[in-house]
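Before any comments, here is the structure.
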Amino acid sequence: YSRESKGATDHISLSSIEGEDIRKIIESGENDRLEFKSTLRWNLKSGKAGKEIELASLKTLAAFLNSDGGTLLIGVGDDGELLGVEPDGFDNDDKYLRHFGSLFNQHIGLEFSEYVEFALKEIGETKIFMVNCSRSPHPVFLKHKKEEQFFIRSGPSSRQLTTSQVIEYL
């Protein structure tokens, strides 16, 4: 399976981006290449960790990988409010990064890690998590339990395709 790239070139390098640049990106709002999530694993409504919260972030990443790439910012509310990564309750940065790596490998696959770059970034006193995705030359399926799902970006949201739509898309 192969797909032709649409030639997206506005990739954000995580090594060179800092607080004020990130603030400007957030101010631009969500779009087909930028998504905000409040937390990585913590359900702010129920007050406990939830697998559905983790899967929401992974769904976005799979959609970015299957489309033209994009950036996921975790610790940012839908309205652009800086929430930080503290609500996720990890003991330290290393545990946060390792948890994300484990989730990615389990539900998307280690073979796609070369198309993903991630880091914790500080904006003033607040720390957020940034994940950059490039377009994958191979189809990416989100694996959960015994199911595989295929997502693409459609405007500022991720959309699951049916089997026939996946075949047509590929």
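Values below: all heavy atoms of this structure, side chains included; hydrogens, waters and symmetry mates excluded. Sequential numbering from 1 along the given sequence is applied to the chain's residues.
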Notebook entry, point to check: Same cluster or not: are Ile53 and Leu61 linked, directly or through other Ile, Leu, Val, Met, Phe, Trp or Tyr residues, by side-chain heavy atoms under 4.5 angstrom apart?
Noted result: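 Result: no, two separate clusters.
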Check: In terms of hydrophobic clustering (I, L, V, M, F, W, Y; side-chain heavy atoms under 4.5 Å; direct or indirect links), are Leu14 and Phe36 co-clustered?
Finding: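 Yes.
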Check: Aromatic rings Phe129 and Phe100: how do their planes relate, parallel, tilted or perpendicular, breaks at 30° and 60°?
Finding: perpendicular
Check: Aromatic rings Tyr96 and Phe90: how do their planes relate, parallel, tilted or perpendicular, breaks at 30° and 60°?
Finding: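 The arrangement is perpendicular - the two ring planes meet at more than 60°.
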Would you say [X] and [Y] make side-chain contact, with heavy atoms under 4.5 Å?
{"X": "Val166", "Y": "Leu170", "answer": "yes"}
{"X": "His138", "Y": "Phe112", "answer": "yes"}
{"X": "Ser113", "Y": "Leu110", "answer": "yes"}
{"X": "Ile25", "Y": "Leu34", "answer": "yes"}
{"X": "Leu55", "Y": "His107", "answer": "yes"}
{"X": "Glu117", "Y": "Val131", "answer": "no"}

Check whether any side-chain N or O of [X] sits under 3.5 Å from a backbone N or O of [Y] as a donor-acceptor pair, and report yes or no.
{"X": "Arg135", "Y": "Ser67", "result": "yes"}
{"X": "Asp88", "Y": "Trp42", "result": "yes"}
{"X": "Asn66", "Y": "Ala62", "result": "yes"}
{"X": "Asn43", "Y": "Lys48", "result": "no"}
{"X": "Lys59", "Y": "Gln149", "result": "no"}
{"X": "Glu27", "Y": "Lys24", "result": "no"}
{"X": "Arg41", "Y": "Glu54", "result": "no"}

Check: Should Val116 and Leu65 be marked as a side chain to side chain contact (heavy atoms under 4.5 Å, CB included) after you check the CA-CA gap, both sets of side-chain angles, and the distance that decides it?
Finding: CA-CA 9 Å; Val116 176; Leu65 289 162; 4.1 Å; yes
Margin query: What verdict does the side chain to side chain contact (heavy atoms under 4.5 Å, CB included) test give for Leu72 and Met130, after you've listed the backbone C-alpha separation in whole Å, the side-chain angles of each residue and the deciding distance to 0.1 Å?
Written below: CA-CA 6 Å; Leu72 173 65; Met130 281 186 91; over 6 Å; no
How far does [atom1] of [X] sit from [atom2] of [Y], to the nearest 0.5 angstrom?
{"X": "Ile152", "Y": "Gln160", "atom1": "CD1", "atom2": "CD", "answer": "11.0 Å"}
{"X": "Glu122", "Y": "Glu18", "atom1": "CD", "atom2": "CD", "answer": "9.0 Å"}
{"X": "Ile22", "Y": "Thr126", "atom1": "CD1", "atom2": "OG1", "answer": "11.0 Å"}
{"X": "Ser157", "Y": "Glu35", "atom1": "OG", "atom2": "CD", "answer": "8.0 Å"}
{"X": "Arg98", "Y": "Leu103", "atom1": "CZ", "atom2": "CG", "answer": "13.0 Å"}
{"X": "Ile74", "Y": "Ser38", "atom1": "CD1", "atom2": "OG", "answer": "10.0 Å"}

Next item on the list: Could you pull out all residues at least two apart from Lys127 that satisfy side-chain hydrogen bond (donor to acceptor under 3.5 Å, both in side chains)?
Entry: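 Scan of Lys127 (side-chain hydrogen bond (donor to acceptor under 3.5 Å, both in side chains), adjacent residues dropped) gives Asp93.
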[X] to [Y] - nearest heavy-atom pair and separation:
{"X": "Arg153", "Y": "Thr60", "answer": "NH1-CG2, 4.0 Å"}
{"X": "Asp79", "Y": "Glu81", "answer": "OD1-N, 3.0 Å"}
{"X": "Ser136", "Y": "Tyr115", "answer": "OG-CE1, 4.0 Å"}
{"X": "Leu142", "Y": "Phe151", "answer": "CD2-CE1, 3.9 Å"}

Note to self: Assess, by modelled atom type and distance only, whether the side chains of Arg33 and Thr71 contain a donor and an acceptor separated by less than 3.5 Å.
What the structure shows: no
Check: Does Glu125 CD have over 12 foreign heavy atoms under 6.0 Å away?
Finding: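 Open.
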Next item on the list: Could you go through the side chain to side chain contact (heavy atoms under 4.5 Å, CB included) check for Ile108 and Lys143 one step at a time?
Entry: CA-CA 6 Å; Ile108 292 178; Lys143 300 164 199 75; 5.6 Å; no
Item checked: Option from Ile128, Ile123, Leu82 for which side-chain contact (heavy atoms from CB on, under 4.5 Å) with Leu73 holds -> Ile128
Check: Is the closest basic N to carboxylate O distance between Glu20 and Arg23 below 4.0 Å?
Finding: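 Yes, charged N to carboxylate O under 4.0 Å.
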Margin query: Could you walk me through whether Leu120 and Leu97 satisfy the side chain to side chain contact (heavy atoms under 4.5 Å, CB included) test, starting with their C-alpha distance in whole Å, then the side-chain angles of each, then the deciding distance to 0.1 Å, before giving a yes or no?
Written below: CA-CA 8 Å; Leu120 287 162; Leu97 296 170; 4.1 Å; yes
